[in-house]
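Taking it in order: structure first as structure tokens, then the write-up.
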Amino acid sequence: MAGFKHLVIVKFKEDAAVEEIVKGMEKLVSESDLVKSFAWGQDLEGPEMLTQGFTHAFSMTFDKKEDYTAFQTHPNHVEYSATFSAAIEKIVVLFFPYVQVKATASA
């Protein structure tokens, strides 16, 4: 098994300070050795019927389920979650073991 992914897809409220929220998440994961990788992005061209209003995706990788659990219950994550949750209109959250089929090409 290659590890675990935590995938969050959101639609922010119209008045949400998205840039500040993303910076807060970047700071949160950069301060945690439990998170092995973190990536995020904003949808650019998805038709509304497919995106259903969701605009942003956040992906974290963990070595094992226990690391994910420890991260979720860490005081910094709990504190940040209140800010993040208050800015969300809609959300989908998945946590799953993943199998790497093709690795990123080295430069």
Next item on the list: Before giving the answer on side chain to side chain contact (heavy atoms under 4.5 Å, CB included), spell out for F12 and H56 the whole-Å C-alpha distance, their side-chain angles and the decisive distance to 0.1 Å.
Entry: CA-CA 8 Å; F12 287 106; H56 291 74; 3.5 Å; yes
Note to self: Evaluate H6 against S59 for side chain to side chain contact (heavy atoms under 4.5 Å, CB included), listing each step before the verdict.
What the structure shows: CA-CA 6 Å; H6 176 53; S59 175; over 6 Å; no
Notebook entry, point to check: If you count the non-hydrogen atoms of other residues, nucleotides and ligands that lie under 6.0 Å from CD in Q72, is the total more than 12?
Noted result: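 Buried by this count: over 12 neighbours within 6.0 Å.
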Next item on the list: Return yes when atom NZ of K36 has more than 12 non-hydrogen atoms of other residues, nucleotides or ligands closer than 6.0 Å, and no otherwise.
Entry: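 Buried by this count: over 12 neighbours within 6.0 Å.
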Notebook entry, point to check: Is the closest basic N to carboxylate O distance between K13 and E89 below 4.0 Å?
Noted result: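 Salt bridge between K13 and E89, a charged N being under 4.0 Å from a carboxylate O: no.
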Check: What are the two closest heavy atoms between I91 and F84, and how far apart are they?
Finding: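 Scanning both residues, the minimum pair turns out to be CD1-CE2, 4.0 Å.
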Notebook entry, point to check: Considering all heavy atoms of both residues, which atom of S32 and which atom of F71 are nearest to each other, and what is their separation?
Noted result: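 Taking S32 first and F71 second, the nearest heavy atoms are OG-CD1, 3.7 Å.
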Notebook entry, point to check: Given the rule in the side chain to side chain contact (heavy atoms under 4.5 Å, CB included) test, do I9 and F58 qualify, once you have shown the distances and angles that lead to the verdict?
Noted result: CA-CA 6 Å; I9 303 168; F58 303 90; over 6 Å; no
Next item on the list: Could you grab the distance from atom CG of L28 to atom CZ of F38, nearest 0.5 Å is fine?
Entry: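 So the CG of L28 and the CZ of F38 are separated by 8.5 Å.
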Checklist line | Atom pair CZ/CD of F54 and Q42 - distance to nearest 0.5 Å | finding: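 Rounded to the nearest 0.5 Å, the CZ-CD separation comes to 14.5 Å.
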Next item on the list: Sequence neighbours left out, what passes side chain to side chain donor-acceptor pair (under 3.5 Å) with S37? Give chain and number order.
Entry: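 By the side chain to side chain donor-acceptor pair (under 3.5 Å) rule, S37 matches T61.
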Next item on the list: Could you list the residues that satisfy side chain to side chain donor-acceptor pair (under 3.5 Å) with T51, not counting sequence neighbours?
Entry: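 Counting only residues at least two positions away or on another chain, T51 forms no side chain to side chain donor-acceptor pair (under 3.5 Å).
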Using the salt bridge (Lys or Arg N to Asp or Glu O under 4.0 Å) criterion, which residues pair with [X]? Sequence neighbours excluded.
| X | answer |
| --- | --- |
| E19 | K23 |
| E79 | none |
| K64 | D67 |
| K27 | E31 |

Note to self: Check for me whether the distance between the ring centres of F4 and Y98 falls short of 6.0 Å.
What the structure shows: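 No; Y98 has its ring centre 6.0 Å or more from that of F4.
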Next item on the list: Check for a donor-acceptor pair, side chain of Y68 on one end and backbone N or O of M60 on the other, with a separation under 3.5 Å.
Entry: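 A pair under 3.5 Å: no.
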Check: Does K90 reach the main-chain N or O of Q52 with its side chain, forming a donor-acceptor pair under 3.5 Å?
Finding: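 Here the side-chain-to-backbone pair exists.
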Notebook entry, point to check: Do the side chains of V35 and V78 join up, straight or via other hydrophobic residues, at under 4.5 Å, putting them in one cluster?
Noted result: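 In one cluster: no.
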Note to self: Run the side chain to side chain contact (heavy atoms under 4.5 Å, CB included) test on E26 and W40 for me, step by step, so that the C-alpha distance in whole Å, both residues' side-chain angles and the decisive distance to 0.1 Å come before the verdict.
What the structure shows: CA-CA 9 Å; E26 289 174 348; W40 73 271; 2.9 Å; yes
